[in-house]
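To start, the structure under review is shown below, and the notes come after it.
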2 protein chains.
Amino acid sequence: MQPERLLKKHNLRKTSGRLSVLRCFLEYGKALSHGEVQDLVGKKVDRVTLYRILQSFEEKGLLHKVPDDQVSVKYALCDHLHNVDHAHSDNHAHFKCNSCGDTVCLEESAIPNIPTPKGFRVNESFLLLGGLCDQCVR
Amino acid sequence: MQPERLLKKHNLRKTSGRLSVLRCFLEYGKALSHGEVQDLVGKKVDRVTLYRILQSFEEKGLLHKVPDDQVSVKYALCDHLHNVDHAHSDNHAHFKCNSCGDTVCLEESAIPNIPTPKGFRVNESFLLLGGLCDQCVR
DNA sequence: TACTAAAATGCAACAATGTTACAAAAATGA
DNA sequence: TCATTTTTGTAACATTGTTGCATTTTAGTA
C-alpha cells in the first residue's frame, strides 16, 4: 500500500517528514531505532520531530516497539496494516542478530503463555531472541 | 551467604561500595535499575563507580541484566550464587508490574523454545511480561 | 481559491543516562 | 610494611530523550 494511503488510513496528516520515515520502514523491512531512522532520513527531519513522528506512528498503530538488546528500542511495522483497529497486540517474538544488528519480527511465533505466581495478571509480553541470522551464521 | 564471601567467591575485591550495592540486592530481592540502586546507596557511592560496580558484578556472574519495559535495564541477582561458574544463562522470564514498577524473576519459568527461520542460531533470549502483580491487581 | 482552526514542525534549552581519561586512594598478597 | 594491581572520584563529554513555544503547514470549508 502506498505511504500516502497508509497515513490517511491511520488518521495521520500527510507531511514530508512522515512520508520519509514511513518509506524507510516500508523499504527497509526490519526494525529500526530512532538513530537508524535519523541516519536514513538525514537532516531533512529534525531530531525532535522524528521522536514525535515515531511516537505518533506508534499511537496510531502503524509501528510497534521492539526491544533491542534490552537497552534501547527499535520500531517495526505492525502486522496488520490492513485493519485500522490499533488496539492490537503485535504479540510475536523478535530476533536480533548480534553480528549485523538487524532485528526482525518472527510473525509466526506467538509468545507462549508463561505461568506466573498466583494473583499476577499479565497484560503484555516481550520476547527477544539474540544470536546470529542466516547471513551471519557462517 | 554473607556479602563478603560472595565477593570473594566471585573474584571481586572487597570494597565498601561493592558491599553496599550487594546488600541492596540481597535485601531488596527484586531487580533494581542503576538509578534505584543509586537512591538506595545514596552518595556514598559515586555515580560512575556505581556503573562500574554493576558492570563488574555482571561480568563475574553475580548479577544479570533484566529488560525493563523495553527501554532501560535493571539488574537482578543470578539464580546460582552457589556455583562460581558464570557462563550461566539465567534463562528465565521476568515480570514487571506496571503499577508499582517492581520487577521479579520468574525462576521456574524457563523461556520456551521459539522456532526461528532456517539458518538462524539463537544464543540467548529475554522474555519480559508486563501487567499487575498480586499486590496491585485489586 | 482563499481562509481558518488544528496539527505538526524547528529550535533552544534542559534532563537523564552512559562513557572515557586520568590522577589519587584503597585492597591484596608477599 | 611494601609493592603491585585494582578500584575510586572527578571532570569532561557523548548520547538519548523531553518540554515549551513561536512559526509553519495541513486539511477542511466557505
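Protein chains get the first letters and strands the later ones, always in sequence-line order, with residue 1 at the start of each.
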| remark: Symbol by symbol from the 5' end, with Watson-Crick or G-U pairs under 3.5 Å, [ ] crossing and | another strand, DNA chain D is ||||||||||||||||||||||||||||||

| message | For Asn113(B), I'd like to know if atom CG has over 12 heavy atoms of other residues, nucleotides or ligands within 6.0 Å. | response |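 Open.
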
| query | Heavy-atom count around Asp39(B) CG within 6.0 Å, excluding the residue itself: above 12? | reply |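 More than 12 within 6.0 Å, yes.
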
Would you mind reading off the distance between [X] atom [atom1] and [N] atom [atom2], rounded to a whole angstrom?
X	N	atom1	atom2	answer
Lys14(B)	dG29(C)	NZ	P	11 Å
Leu7(A)	dA27(D)	CG	C1'	14 Å
Tyr51(B)	dG9(D)	OH	C1'	16 Å
Leu50(B)	dT7(D)	CG	P	15 Å
Leu54(B)	dT8(D)	CG	P	11 Å
His34(B)	dG18(C)	NE2	P	7 Å

| task | Taking all non-hydrogen atoms of both residues into account, name the closest pair between Gly61(A) and His10(A) and its distance. | result |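 In terms of heavy atoms, the two residues are closest at O-CE1, 3.8 Å.
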
| field | Residues which pass side-chain hydrogen bond (donor to acceptor under 3.5 Å, both in side chains) with Glu124(B), listed by chain and number, not counting sequence neighbours | value |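 Glu124(B) satisfies side-chain hydrogen bond (donor to acceptor under 3.5 Å, both in side chains) with Asn98(A) once adjacent residues are dropped.
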
| In the single-linkage hydrophobic clustering (I, L, V, M, F, W, Y; side-chain heavy atoms under 4.5 Å), do Val21(A) and Leu26(A) co-cluster? |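 Val21(A) clusters together with Leu26(A).
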
| query | Are Leu19(B) and Ile53(B) grouped together when hydrophobic residues (ILVMFWY) are joined by side-chain heavy atoms under 4.5 angstrom apart? | reply |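 Leu19(B) clusters together with Ile53(B).
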
| message | For Tyr51(A) and His34(A), take the angle between the two ring planes, folded into 0 to 90°, and tell me which bin it lands in: parallel under 30, tilted 30 to 60, perpendicular over 60. | response |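 Correct class here is parallel.
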
| said: Please check this pair: side chain of Glu27(A) against backbone of Leu22(A), looking for a donor-acceptor N/O pair closer than 3.5 Å. | reply: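 No, the answer is negative, given that no donor and acceptor are paired below the 3.5 Å cut-off.
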
| query | For nucleotides 4-13 of chain C, read 5' to 3', which letter fits each nucleotide if B means a protein heavy atom sits under 4.0 Å from the base, S means only the sugar-phosphate is that close, and - means neither? | reply | --BSSBBBB-

